[in-house]
Amino acid sequence: MTAPHHELGGLTRVDLESVLIELGQPRYRAAQIREPAWSGRTSSFLETKSLPLALREQLAARLCFQSLTQVLATSADRGLTTKLLLRAHDGEEVETVLIRHPGSSGQRPRNTVCVSSQVGCAIGCLFCATGQLGLRRNLTAAEIVDQVRAAAQIWFEAGQSAPSNVVFMGMGEPLHNYLAVVESLHLLRDWGISPRHIVVSTSGLVPEIDQLAGEKLPVRLAISLHAANDQLRDRLVPLNRRYPLAELKAAAIRFSASTGRRVSLEYVLIAGVNDRPADAAALRQLAASVQAHVNLIPMNPIPNSTLSAPPQRACREFAALVGPRASIRFSRGERATAACGQLRASMTALPRRSALAAAAHRDLVGGYVEVGVR
Ligand code: SAH
Ligand code: SF4
């Protein structure tokens, strides 16, 4: 028997129908496979009970059901936030964060999956655990989709609803893995998540921002700014030396103009580094010129660095200076999202990657409590 060479997560419905036709099966079988596979109800072809047994075996020989296996799951915020460490076929590991927003006064509940786009990252931002790894490899489109499917399975098993939103704010720079990321956006749409419910976050690759604007995929764009003057941004986000603020700002304006969607600006607050009143004033001006909302994220501590967040009060004062366009992401959700890369970083630092060792190091990942190991 030959090894499976295609991954289910990387196939559109039409692709899967072609496989079924080759096997002499009717097209409608595609829905019988995809619906439970997407919702997390099945975790292999063999347990897809609506299919004849012979077909289940044929599919298992031909296709890989899920390209990632779960190494660790940790949970925080009374179960509203879950972090997964997932392992690919070659042993590389990535993080995926699941965030539930139960919905309040008039707001619909959302289940957001924060996906990684690369193993590590080449950009090397000063405050980022993923950046410390360097780039190990790009993820495939199927590996990106399969993070959302892994999340769906966790939520299904917990009796929660399926993923509704995806943010590319995990490990890696999505626009540095452009083709696979765009393919994953098409695949996610095919599986059932509209690009309107997807945010791609970038440290500022200007040509790719323009390219994304031309894709006719109505995704939202977040730009990780972190500094509103070039001298400081050169230090925090080394990519700024290639695409300085004036170019990035122009690209953000072009993106909004050509897509009709506002971009948002992410700004990690670091004590004594980018939190002066002058920084807030520059940020306010830049946000106004791009007409962007600003998400202020107090920095999460990372290994081998003394950088830290300003005290809460200082964060609030900074936000007040930036004005009504700014909001602070103090807790859980986005903060846990922003900390992507830390779980893997803390595991890599260990002599033995055991779950016990991970638990001992959980303070490195922000007080997460271990809930399960497979
Ligand atoms: N590479 C892309 C997307 C992944 S990083 C980008 O930089 O936009 C997603 C977000 O996490 C970014 O806004 C990033 O600045 C933030 N982040 C990284 N390290 C962080 C830390 N230690 N504390 C808080 N936010 C962090
Ligand atoms: Fe890469 Fe984003 Fe981390 Fe910067 S913040 S090193 S771009 S993952």
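Atoms considered below: every heavy atom in the structure, side chains included; atoms not considered: hydrogens, waters and symmetry mates. Because the structure is predicted, anything quoted here is derived from the model rather than measured. All ligand and atom numbering here is 1-based and tracks the order in the structure.
Comparing His226, His176, Met171, Gln132 against atom 14 (C) of ligand 1, the shortest heavy-atom distance belongs to His226. Comparing heavy-atom distances from atom 2 (C) of ligand 1 across Gly131, Ala122, Ser201 singles out Ser201 as nearest. For atom 5 (S) of ligand 1, the nearest non-hydrogen atom from the set Gly170, Pro301, Cys128 belongs to Gly170.
Interface atoms of ligand 1 facing Val268, defined by a heavy-atom separation under 4.0 Å, are 15 (O), 24 (C), 25 (N), 26 (C). The atoms of ligand 1 that sit less than 4.0 Å from any heavy atom of Ile302 are 22 (N). Every atom of ligand 2 with a heavy atom of Gly124 under 4.0 Å away is listed here by number and element: 6 (S). Contact atoms of ligand 1 toward Phe168: 3 (C) (distance under 4.0 Å to a heavy atom of the residue). Those atoms of ligand 1 that come under 4.0 Å of a heavy atom in Thr202, given as number and element, are 6 (C), 8 (O). Against a heavy-atom cut-off of under 4.0 Å, Ser203 is close to the following atoms of ligand 2: 7 (S). Less than 4.0 angstrom separates some heavy atom of Gly131 from each of these atoms of ligand 2: 6 (S).
Contact of the Leu63 side chain with the Leu16 side chain is registered, since non-hydrogen atoms from C-beta on lie closer than 4.5 Å. Under the 4.5 Å side-chain criterion, counting only non-hydrogen atoms from C-beta, Leu187 is in contact with Thr12.
Salt-bridge formation is not detected for the pair Arg137/Glu92: no Lys NZ or Arg NE/NH1/NH2 atom is positioned less than 4.0 Å from an Asp or Glu carboxylate oxygen. Salt bridge status for Arg233 with Asp230: absent, with no side-chain N to carboxylate O gap under 4.0 Å.
Taking 2.8 Å as the threshold, Cys121 does not count as a candidate ligand of atom 4 (Fe) of ligand 2, since none of its N, O or S atoms lies below it. In summary, Cys128 places no N/O/S atom under 2.8 Å from atom 1 (Fe) of ligand 2, failing the contact criterion.
For Ala180 against Thr140, the heavy-atom pair with the smallest separation is CB-C, 4.2 Å. Across every non-hydrogen atom of Arg34 and Leu11, the tightest pair is NH1-O, 3.5 Å. Of all heavy-atom pairs between Ser224 and Ser201, the closest is OG-OG, 3.4 Å.
Without hydrogens or angle criteria, Asp210 side chain to Ala251 main chain gives no donor-acceptor distance under 3.5 Å.
Proximity of Gly172 to ligand 1 is established by a heavy-atom distance of less than 4.0 Å. Not a single heavy atom of Ser224 sits closer than 4.0 Å to an atom of ligand 2.
By the 30° and 60° cut-offs, the orientation of the rings of Trp38 relative to Trp191 is parallel.
Contact annotation: for Glu266 versus ligand 1, heavy atoms closer than 4.0 Å belong to the side chain alone. Contact annotation for Ile123 and ligand 1: no heavy atom of the residue comes within less than 4.0 Å of the ligand. Of the heavy atoms in Asn300, both backbone and side-chain atoms come closer than 4.0 Å to ligand 1.
Of all protein heavy atoms, the one lying nearest to atom 2 (Fe) of ligand 2 is Gly172 O, 4.4 Å. The protein heavy-atom contact nearest to atom 6 (S) of ligand 2 is Cys125 N, 3.3 Å.
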Practice prompt. Could you walk me through whether Asn177 and Ser117 pass the side chain to side chain donor-acceptor pair (under 3.5 Å) test, one step at a time?
Written response: CA-CA 7 Å; Asn177 182 15; Ser117 54; 5.5 Å; no
Item to complete: Check step by step if side chain to side chain donor-acceptor pair (under 3.5 Å) holds for His293 and Ser327.
Response: CA-CA 8 Å; His293 185 79; Ser327 48; 2.8 Å; yes
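Cation-pi geometry between Arg149 and Phe65 is satisfied (NZ or CZ under 6.0 Å from the ring centre, within 45° of the ring normal).
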